[in-house]
Enquirer: 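One structure, pasted below without further comment.
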Amino acid sequence: MPELPEVEVCRLGISPHIIAQTVSKVTIRDSRLRWPIPDEIHSVVGLQVLGVDRRAKYLLLRFKTGTLLLHLGMSGTIRIIEHDTPIVKHDHFDLAFQHGKVLRFNDPRRFGAVLWLANDEDKLGLLSKLGPEPLSDDFSQGYLFHKAKNRKVPIKTFLMNNHIVVGVGNIYANEALFQAGILPTAKTGAIDEQRLDRLTNIIKKVLSAAIAQGGTTLKDFTQADGRPGYFAQSLMVYGRAGQPCVTCQSKLQEIRQSNRSSVFCPNCQQD
DNA sequence: CTAGACGCCTGCGGGC
DNA sequence: TGCCCGCAGGCGTCTA
């Protein structure tokens, strides 16, 4: 389900339900995720949620003693539900609150994660090596050009590298490159500064628009209240291979890069 | 250091 | 209707 907009929509959806609420019970129903869910997360029982943050695609539930880190992987969903909602397949874990609601984590493919980080700890180095947030001022004019020097990788692979910039996954990489008029195969180090600055602005624009529309629902993404996101209808290239370009009517082409599908307009996008 | 391949999983849609 | 195959929004790890 998730790229940055979907995770942000999830954060916005769950925050009002759990901020300042006290955890009454933690249930680990199936600990098998990317890493096993650690028993230490039981330590949040009796503690208040102080805040709900996001870094890259990680959701960070802040407690006095540390941070509960949630990652949705490819297929994870988080719902805020009533305490008596029936369990379904792949419901891995619950955070129940004193006010009666439950945060429930479901993940069929188990690429997601639920981890505990004690204060000021980042044991797996998951957060410390990440590039800037794309919607922050750290992702600024000149930044991509600076990072792109001497890089030989295709620009799409470069954009999806978390060390460069976080949160740009396959859908939005395709969309941003289309809108910027840059071929996904373009050699990163050969793109001039002006075009990379334009790409930077477009990435911000595309991600912001997706958040505003509740994210992209392809098949299984839903907001915390179960409603779908509406950005799918705004997609211009992703999932549209073989269909006409919205700008010039040329037939959109599809290739594979790093084992991910790339869709582009051979007329509107250049090296 | 960079770049590329691989693996982890389940579910679903398309083709036969 | 059923089976098989390929593909899916991510990303850590390993090799060269």
Side-chain angles (χ1 to χ4, degrees), chain A residues 1-10 30-37 54-59 69-78 88-92 105-115 122-131 134 146-177 184-190 203 206-207 210-211 213-223 228-235 237-242 254-263:
Chain A
M1 121 194 188
E3 293 189 34
L4 184 146
E6 291 71 44
V7 179
E8 181 65 11
V9 166
C10 179
D30 180 355
S31 65
R32 298 174 305 160
L33 292 173
R34 172 176 288 277
W35 300 281
I37 301 177
R54 180 188 57 72
R55 175 72 175 106
K57 298 169 191 168
Y58 296 100
L59 281 170
L69 176 151
L70 306 174
H71 194 284
L72 299 170
M74 290 276 265
S75 59
T77 52
I78 288 172
V88 298
K89 202 170 181 181
H90 308 304
D91 279 343
H92 285 263
F105 183 101
N106 181 288
D107 185 7
R109 290 177 69 184
R110 297 199 263 125
F111 292 164
V114 176
L115 295 172
D122 182 13
K123 50 182 145 188
L124 294 167
L126 291 179
L127 303 179
S128 55
K129 298 172 186 169
L130 296 173
H146 172 72
K147 287 289 186 182
K149 284 217 168 62
N150 302 320
R151 294 289 195 126
K152 292 168 185 168
V153 282
I155 183 66
K156 177 161 174 274
T157 309
F158 182 74
L159 285 184
M160 292 177 68
N161 180 345
N162 277 341
H163 294 70
I164 305 301
V165 58
V166 302
V168 183
N170 201 35
I171 295 178
Y172 300 109
N174 277 300
E175 294 302 312
L177 287 168
T185 49
K187 193 170 146 188
T188 299
I203 288 169
V206 169
L207 295 177
I211 292 168
Q213 294 185 50
T216 298
T217 294
L218 293 181
K219 50 183 192 170
D220 54 9
F221 172 70
T222 58
Q223 304 183 56
Y230 296 101
F231 195 70
Q233 60 203 41
S234 305
L235 298 177
V237 287
Y238 183 86
R240 296 192 65 244
E254 180 167 20
I255 56 171
R256 290 193 80 74
Q257 295 176 280
S258 303
N259 218 25
R260 311 299 293 272
S261 78
S262 301
V263 186

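Below, chains carry the letters A, B, ... as their sequence lines are ordered, and counting in each starts from 1.
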Enquirer: Excluding sequence neighbours, so at least two apart, what forms ring-ring contact (aromatic ring centres under 6.0 Å, His included) with F231(A)?
Expert: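 Applying ring-ring contact (aromatic ring centres under 6.0 Å, His included) to F231(A) gives Y172(A).
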Enquirer: Going by ring-ring contact (aromatic ring centres under 6.0 Å, His included), name the residues that satisfy it together with Y58(A), two or more places apart in sequence or in a different chain.
Expert: H71(A)
Enquirer: Please state how far atom CD in Q257(A) lies from atom C1' in dA5(B), giving the value in whole angstrom units.
Expert: 15 Å
Enquirer: Measuring only the P atom in each nucleotide, how far is dC7(C) from dA5(B)? A whole number of Å is fine.
Expert: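 Comparing P positions in dC7(C) and dA5(B) gives a spacing of 15 Å.
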Enquirer: Can you tell me the distance, in whole Å, between the CG atom of L33(A) and the P atom of dC11(C)?
Expert: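 Rounded to the whole Å, the gap is 15 Å.
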Enquirer: In whole angstrom, what separates K57(A)'s NZ from dG9(C)'s P?
Expert: 10 Å
Enquirer: Heavy-atom distance under 4.5 Å between the side chains of V263(A) and Y238(A), does that happen here?
Expert: no
Enquirer: Would you write out the dot-bracket form of DNA chain B, 5' to 3', with Watson-Crick and G-U pairs under 3.5 Å, [ ] for crossing pairs, | for pairs to other strands and . for unpaired bases?
Expert: .|||||||.|||||||
Enquirer: Under 3.5 Å, side chain of E8(A) to main-chain N/O of R54(A), donor-acceptor pair present?
Expert: no
Enquirer: Do any side-chain nitrogens or oxygens of R110(A) fall under 4.0 Å of OP1 or OP2 in dG7(B)?
Expert: no
Enquirer: On the nucleotide dC8(B), are OP1 or OP2 found under 4.0 Å from the side-chain N or O atoms that R32(A) carries?
Expert: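 Answer no for this pair, as no side-chain N or O of R32(A) is under 4.0 Å from OP1 or OP2.
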Enquirer: Give the rounded distance in Å between these two atoms: CZ of F158(A) and C1' of dG4(B).
Expert: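 Whole-Å distance recorded here is 16 Å.
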Enquirer: In whole Å, what separates the P atom of dC9(B) from that of dC3(C)?
Expert: 25 Å
Enquirer: Report which part of the nucleic acid Y58(A) touches: base, sugar-phosphate, or nothing (heavy-atom distance under 4.0 Å, all strands).
Expert: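 Y58(A): backbone/sugar contact only, no base atoms under 4.0 Å.
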Enquirer: Establish, with yes or no, whether the OP1 or OP2 oxygen of dT2(B) is under 4.0 angstrom from a side-chain nitrogen or oxygen of K152(A).
Expert: no
Enquirer: Nearest whole Å is fine: how far is dC11(C) P from E3(A) CD?
Expert: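 In whole Å, dC11(C) P and E3(A) CD are 9 Å from each other.
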Enquirer: Can you tell me which nucleotide in dG10(C), dA3(B), dG9(C) comes closest to the side chain of I171(A)?
Expert: dG9(C)
Enquirer: Is a donor-acceptor contact shorter than 3.5 angstrom present between the side chain of R109(A) and the base of dC9(B)?
Expert: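 It does, because a donor-acceptor pair links the side chain of R109(A) to the base of dC9(B) below 3.5 Å.
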Enquirer: If you define the side chain from C-beta out and look only at heavy atoms, does anything of L207(A) sit under 4.5 Å from E3(A)?
Expert: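 Sidechains of E3(A) and L207(A): no contact.
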Enquirer: Can I211(A) and L4(A) be said to form a side-chain contact (heavy atoms from CB on, under 4.5 Å), step by step?
Expert: CA-CA 8 Å; I211(A) 292 168; L4(A) 184 146; 4.1 Å; yes
Enquirer: What is the nucleic acid contact for T157(A), judged by heavy atoms within less than 4.0 Å: base, sugar-phosphate only, or nothing?
Expert: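 Nothing, no nucleic acid heavy atom in range.
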Enquirer: I need the CD1-C1' distance between I255(A) and dC7(C), as an integer number of Å.
Expert: 17 Å
Enquirer: How many angstroms lie between atom NZ of K89(A) and atom CG of D30(A), to the nearest 0.5 angstrom?
Expert: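 Answer for the NZ-CG pair, K89(A) versus D30(A), is 11.5 Å.
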Enquirer: Select one nucleotide: of dC9(B), dA3(B), dA8(C), the one nearest the side-chain heavy atoms of F111(A).
Expert: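 Between dC9(B), dA3(B), dA8(C), the one nearest the side chain of F111(A) would be dC9(B).
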Enquirer: Under 4.0 Å, heavy atoms only, any strand: does Y172(A) hit a base, just the sugar-phosphate, or nothing?
Expert: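 If one applies the 4.0 Å heavy-atom cut-off, Y172(A) turns out to touch nothing in the nucleic acid.
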Enquirer: One pair to check against side-chain hydrogen bond (donor to acceptor under 3.5 Å, both in side chains): S262(A) and Q257(A). What are the steps and the verdict?
Expert: CA-CA 7 Å; S262(A) 301; Q257(A) 295 176 280; 2.5 Å; yes
Enquirer: NA contact type, N162(A), heavy-atom cut-off 4.0 Å: base, sugar-phosphate, or nothing?
Expert: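 The answer is sugar-phosphate, as N162(A) gets under 4.0 Å only of primed atoms, P, OP1 or OP2.
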Enquirer: To the side chain of K89(A), which of dG10(C), dG11(B), dG12(C) is closest?
Expert: dG11(B)
Enquirer: Tell me if the side-chain of R260(A) makes a donor-acceptor pair with the base of dA8(C), cut-off 3.5 Å, by modelled atom types.
Expert: no
Enquirer: Check the distance between dG4(B)'s P and M160(A)'s CE and give it to me in whole angstrom.
Expert: 14 Å
Enquirer: Does a side-chain N or O of S261(A) approach OP1 or OP2 of dA8(C) to a distance below 4.0 Å, or not?
Expert: yes
Enquirer: First locate atom NE2 of H90(A), then atom CZ of R32(A), and finally report the distance between them rounded to the nearest 0.5 Å.
Expert: 9.5 Å
Enquirer: Under 4.0 Å between a side-chain N/O of H90(A) and OP1 or OP2 of dG11(B), yes or no?
Expert: yes
Enquirer: Taking the side chain of E6(A) as its heavy atoms from C-beta onward, which of dG9(C), dG4(B), dC7(C) lies nearest to it?
Expert: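 Looking only at side-chain atoms, E6(A) lies closest to dG9(C).
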Enquirer: Check the distance between dA8(C)'s P and D107(A)'s CG and give it to me in whole angstrom.
Expert: 18 Å
